[in-house]
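Worksheet for the structure shown next.
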Amino acid sequence: MTDQVVAELRRLRDSIDNMDAALIHLLAERFKITQRVGELKAQHGLPPADPAREAQQIARLRDLAVDAKLDPEFAEKLQNFIVAEVIRHHEAIAQHHAAS
């Protein structure tokens with residue numbers, strides 16, 4: 001590899017690292033908000049999962065992915081992964097709330 005190729009790889013990888021850091025921070029903020037949603041649901045006896053909301057979100061994110069030239073299947077898988085984690089948190093919050 002030439003020095004120019006090495007430098008370009010380093011530049012691109014630095015950009016990827018910056019985006020990964022931004023994604024982690026955005027996910028952390030998102031989970032702070034979903035924690036509050038979980039608390040509200042627990043306080044008012046609502047179920048941890050909301051299938052209708054989840055279906056709306058999947059459809060919306062698939063459309064956004066298409067517009068962004070991202071594979072909508074990937075966007076759906078990512079959303080399903082995130083929602084599964086959120087539901088797990090909401091279930092834990094509900095259990096804690098019920099025990100209190």
Side-chain angles (χ1 to χ4, degrees):
M1 272 193 289
T2 66
D3 288 345
Q4 185 177 8
V5 171
V6 170
E8 180 67 2
L9 276 173
R10 183 175 298 122
R11 185 187 70 75
L12 292 170
R13 288 174 174 163
D14 286 347
S15 291
I16 290 168
D17 292 349
N18 287 338
M19 284 186 252
D20 287 344
L23 286 170
I24 293 299
H25 288 282
L26 284 171
L27 284 170
E29 288 302 311
R30 188 188 194 287
F31 277 96
K32 286 177 189 173
I33 295 166
T34 60
Q35 285 292 115
R36 181 65 184 124
V37 169
E39 292 166 9
L40 282 171
K41 285 181 172 184
Q43 290 168 0
H44 297 281
L46 299 170
D50 185 344
R53 164 78 174 155
E54 293 158 23
Q56 289 172 336
Q57 284 298 91
I58 292 294
R60 186 178 75 82
L61 292 177
R62 287 182 67 91
D63 289 343
L64 287 170
V66 169
D67 290 346
K69 310 245 185 304
L70 180 69
D71 180 1
E73 290 294 320
F74 172 75
E76 183 171 346
K77 287 177 187 176
L78 179 61
Q79 181 66 8
N80 285 334
F81 178 77
I82 291 169
V83 168
E85 187 66 10
V86 168
I87 290 170
R88 189 178 70 78
H89 290 180
H90 288 186
E91 289 169 343
I93 291 167
Q95 288 175 354
H96 178 74
H97 190 276
S100 297

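These figures come from a predicted structure and were not determined experimentally.
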So CE of Met1 and CD of Glu8: to nearest 0.5 Å the spacing works out to 12.5 Å
Check your understanding: Does a side-chain heavy-atom distance below 4.5 Å link Leu27 with Ile82?
Key -> yes
| task | Applying side-chain hydrogen bond (donor to acceptor under 3.5 Å, both in side chains), run through Arg53 and Gln56 and close with a yes or a no. | result | CA-CA 5 Å; Arg53 164 78 174 155; Gln56 289 172 336; 5.0 Å; no
Is it true that, when you exclude Asp3 itself, more than 12 heavy atoms of the residues, nucleotides or ligands shown sit nearer than 6.0 Å to its CG? no
Quick note, ring-ring contact (aromatic ring centres under 6.0 Å, His included) partners involving residues 42-79, not counting sequence neighbours, are none
Here the pair of heavy atoms bringing Ala65 nearest to Pro72 is CB-CA, 3.9 Å
- Task: Answer yes or no: is there a side-chain heavy-atom contact under 4.5 Å between Glu39 and Arg36?
- Result: yes
Rounded to the nearest 0.5 angstrom, the CD-CG distance for Glu85 and Asn80 is 13.5 Å
Output for pair (Met19 CE, Ile24 CD1), nearest 0.5 Å, gives 14.0 Å
So NZ of Lys41 and CD1 of Ile93: to nearest 0.5 Å the spacing works out to 9.5 Å
Please check if the side chain of Glu54 supplies one atom and the backbone of Asp50 the other of a donor-acceptor pair under 3.5 Å.
-> yes
Item to complete: Check whether any side-chain N or O of Thr34 sits under 3.5 Å from a backbone N or O of Val37 as a donor-acceptor pair, and report yes or no.
Response: no
* Asked: Does a side-chain N-to-carboxylate-O contact under 4.0 Å join Arg88 and Glu91?
  -> no
Exercise for review: Would you check, one step at a time, whether the test side-chain hydrogen bond (donor to acceptor under 3.5 Å, both in side chains) holds for His89 with Gln35?
Suggested key: CA-CA 7 Å; His89 290 180; Gln35 285 292 115; 3.2 Å; yes
Contacts satisfying side-chain hydrogen bond (donor to acceptor under 3.5 Å, both in side chains) that involve residues 15-31 (not counting sequence neighbours) are Glu29-Lys32
Query raised in the report: Phe31 and Leu40: same hydrophobic cluster, using ILVMFWY side-chain contacts below 4.5 Å?
Result: no
To the nearest 0.5 Å, atom CG of Leu70 lies from atom CG of Leu61 at 10.0 Å
In this structure, CD of Glu73 is separated from CD of Glu76 (nearest 0.5 Å) by 5.5 Å
